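Contents: one structure, followed by commentary.
Owing to the predicted nature of the structure, the values given are computational and were not obtained by experimental measurement. Numbers restart at 1 for each chain; the letters A, B, ... are given by sequence-line order, proteins then strands.
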Amino acid sequence: MPESPESSSPLSFVPRSYSLPRDIPRQSRYNFRHLQLLRQNVSSSPLRVIAHLDLDAFYAQCEMVRLGTPPETPLAVQQWESLIAINYAARPFGITRMISAVEAKKRCPGLVLQHVATFREGEGGRWAYRDDAAGSIRTDKVSLDPYRAESRKILSVVKEDLSRWRTRLAGVEERGSEPWLQPARLEKASIDEVFIDLSSLVFGALLQRFPKMRECPTGEERTTALPPLSAGALEWAKECALVDLDEQEAEGDAPDWDDVAMAIGSEIVYSIRKAVWEKLNYTSSAGIARNKMIAKLGSGCNKPNRQTIVRNRAVHRFLGGFKFTKIRMLGGKLGDQVTALFGTEEVSELLKVTLDQLKARLDDDTASWLYGIIRGEDNTEVNPRTQIKSMLSAKSFRPSINSVDQAEKWLRIFVADLYGRLVEDGLLENRRRPRTVTLHCRQGAQDRSRQLPIPTGKTIDEMGLLELSKTLLGQAAVDGRTWPCANLSLSVGGFEDGVVNNRAIDEFLVRGDSIASMTTRSNASATTDESRLAEKKRNANITSFFKREHRSAGELGIGELLNVRDPPESKDLDISGQSVDDLDKMALEKTEDANFPFWEDKIASYICNRCEKSVPSFERNEHEDWHFARDLEARDKQAAKTSHGMQMASLRASNDSGKAKTRGDSGRRGDGKSEKGQTRLAFG
DNA sequence: ATGTCGGAG
DNA sequence: GGCTCCGACAT
């Protein structure tokens, strides 16, 4: 039952206190280099913290908010005679997605049934909520615009809260220059889901709350272990949705910094969910873990309105309890194939299969990926792409339609739909425009499509799009084989950015790039001299940025830049604990500039013994950290490869022969080609 | 560059 | 089941 995160029970999901060691210190598995990787959201960092945030029964909540129905009122969203979303109040009545509206009403007479908004033939291309929509399948087309609009609002609240965190953790006002603390990275995964890479914020919080962590050594010393934590250092609130630890781990054991990182991540996520609830009245669920795959599984574990933390020490037990078909990419034919090949759907069973056995039956890439993924390995990046790549407006016809005339009526509606969305996307401001328009139609099992370039230089308007789509329809219908048509759709794609001045782009590259993305890029394109050069250049830019920042920060006194202050939200969220004493004490310790992680004041250069390039000494730490990150990535490079193609290749190949093969150059290995079977991280 | 296919949410 | 969105591959 939806309720405010706050009202559910005060301060759930949030650790009660952090503290520094007071009993027997225990060596951390992590060192200062690992800590530094966190700063740039490097995906191979063993301290990484990823959140997956998922709105509960999203379409249903949108209607609850729009109609103002209370959380305890059962409500379902209807599309023609079927249901596409059911709120949590309705679920106890046995209402599921695949029963009919009539059946639902029988099971729960008090159910509020709200039909989705629709476009209607001859009504000016405007969607509306209509009482008679359910019976108007012949004249109406579903519109998801209201949900897209809510999705955008929610996303902006999430962003706002994340940026509030960054500001607080950075500890200085933004002054128009690059902040030293990277923003959290956000990936919109679908209309109701986002991934957030919280690593950089967690880094900021660690430095803020644990001054010891700022005493970052230089050079070889950077592999010095992080300060130890004592057994009672981290006390989780008892309501915390913590996944149980693996068998060989005990709650009584001293936590390590990855646990602290998760706790901080959880706190940030809690504050985001709270903001979304308070500002927009939506409840959400979340998973917090070291990568996207686990975070995503976690967010589904305690719905609705709960967040689930999967600590690194809990990953194996957590995953062991799942069917592997729940893992992304294994929900389809690849999953079926694996099930058939190994006679099980359980992760715990599949864990017994060796890598070689997997490789005997799947192509190498798929086998390695599968081997890693069921062991909790997933280094895929949180991809900040926010830009839509294509837009599609479609309608299924039952019964089918039979003429160009009928089809053209729908084209008008498609065009109105797409045009409205293009405007939202920035068409009018000339920020973005599509290059192509495509028409698809289906006749029986036969799919066909026709595509045309959108004339460049001319403004795109509804008339123009309609003309193009009519042309396409004409092309598709020449042989008459398109009728009867069961499905028609129009899409635009190949978006290009409008005119932006070059200086802005330049600046964006410098500002937006991180060591993480540089590393990724260099993996993607086998490292050429050019790319190496480009990397170095960016690296230099980043370094010089920090030097700049150092100087301006120097005016304030370096102590201020990273000064200790109250943990954000500490009052609201009751985190504090006794750690304040420790923090105060540590704050008094004078921190030397040389101890700061990101800069040094030397001018000489040295030759890196890894890549044999000359590197200015002041870049040495970054440079070595960069190699370190690459080494980590190289270890599970296979796992990091995404897999859509692998699936297809593997499936296709397995249809031909017994064993799947990778084709083309997709099997190319990077320079980290690494030993077979050596895909696990040393940490985690 | 265009068309086809299939996966996922 | 309908509606999107995406990416790989073939041509």
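Residue Lys292(A) contributes atom NZ, which lies 15 Å from atom P of dA8(B) at whole-angstrom precision. Atom pair Phe195(A):CZ and dG9(B):P shows a separation of 9 Å (rounding to whole Å applied). The CG-C1' distance, from Leu297(A) to dG9(B), rounds to 14 Å in whole Å. A straight line from CZ of Arg328(A) to P of dG9(B) spans 8 Å, rounded to a whole angstrom. What separates NZ of Lys303(A) from P of dG9(B) is a distance of 13 Å, to the nearest Å. Atom-to-atom, NE2 of His440(A) to C1' of dT4(B) comes out at 9 Å; the value is rounded to the nearest Å. Asp145(A) places its CG atom 15 Å from the C1' atom of dC5(C), with the value rounded to the nearest Å. Asp425(A) places its CG atom 11 Å from the P atom of dC5(C), with the value rounded to the nearest Å.
A donor-acceptor contact closer than 3.5 angstrom is absent between the side chains of Glu103(A) and Ser100(A). For the residue pair Asp363(A)/Thr366(A), the side-chain donor-acceptor check at 3.5 Å is satisfied.
Between the side chain of Arg91(A) and the backbone N or O of Ile86(A) there is at least one donor-acceptor pair closer than 3.5 Å. Checked by atom type and distance alone, the side chain of Arg448(A) pairs as donor or acceptor with a backbone atom of Ala476(A) at under 3.5 Å. The main-chain N or O of Arg120(A) is never found under 3.5 Å from a side-chain atom of Thr118(A) such that the two would form a donor-acceptor pair.
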Between the protein and nucleotides 1-4 of chain C, list the N/O to N/O atom pairs that are separated by less than 3.5 angstrom.
{"from": "dG1(C)", "atom 1": "O6", "to": "Arg97(A)", "atom 2": "NH2", "distance (Å)": "3.1"}
{"from": "dG1(C)", "atom 1": "N1", "to": "Arg97(A)", "atom 2": "NH2", "distance (Å)": "3.1"}
{"from": "dG2(C)", "atom 1": "O4'", "to": "Gln79(A)", "atom 2": "NE2", "distance (Å)": "3.2"}
{"from": "dC3(C)", "atom 1": "OP2", "to": "Ser396(A)", "atom 2": "N", "distance (Å)": "3.1"}
{"from": "dC3(C)", "atom 1": "OP2", "to": "Ser396(A)", "atom 2": "OG", "distance (Å)": "2.8"}
{"from": "dT4(C)", "atom 1": "OP2", "to": "Lys141(A)", "atom 2": "NZ", "distance (Å)": "2.7"}
{"from": "dT4(C)", "atom 1": "OP2", "to": "Ala394(A)", "atom 2": "N", "distance (Å)": "3.3"}
{"from": "dT4(C)", "atom 1": "O5'", "to": "Leu392(A)", "atom 2": "O", "distance (Å)": "3.2"}

So which protein N/O to nucleotides 1-3 of chain B N/O distances come out below 3.5 Å?
{"from": "dG3(B)", "atom 1": "OP2", "to": "Gln451(A)", "atom 2": "N", "distance (Å)": "2.7"}

Run the numbers on Tyr129(A) and Gln114(A) for side chain to side chain donor-acceptor pair (under 3.5 Å), then give the verdict.
CA-CA 9 Å; Tyr129(A) 283 96; Gln114(A) 174 60 55; over 6 Å; no
Intermediate values then yes/no, side chain to side chain donor-acceptor pair (under 3.5 Å), Asn379(A) and Ser43(A)
CA-CA 5 Å; Asn379(A) 275 6; Ser43(A) 71; 4.7 Å; no
Before giving the answer on salt bridge (charged side-chain N to carboxylate O under 4.0 Å, His left out), spell out for Arg148(A) and Glu424(A) the whole-Å C-alpha distance, their side-chain angles and the decisive distance to 0.1 Å.
CA-CA 11 Å; Arg148(A) 289 195 195 96; Glu424(A) 287 281 350; over 6 Å; no
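At a threshold of 4.0 Å, the pair Asp56(A)-Lys303(A) counts as salt-bridged, since one of the basic side-chain nitrogens sits closer than that to a carboxylate oxygen.
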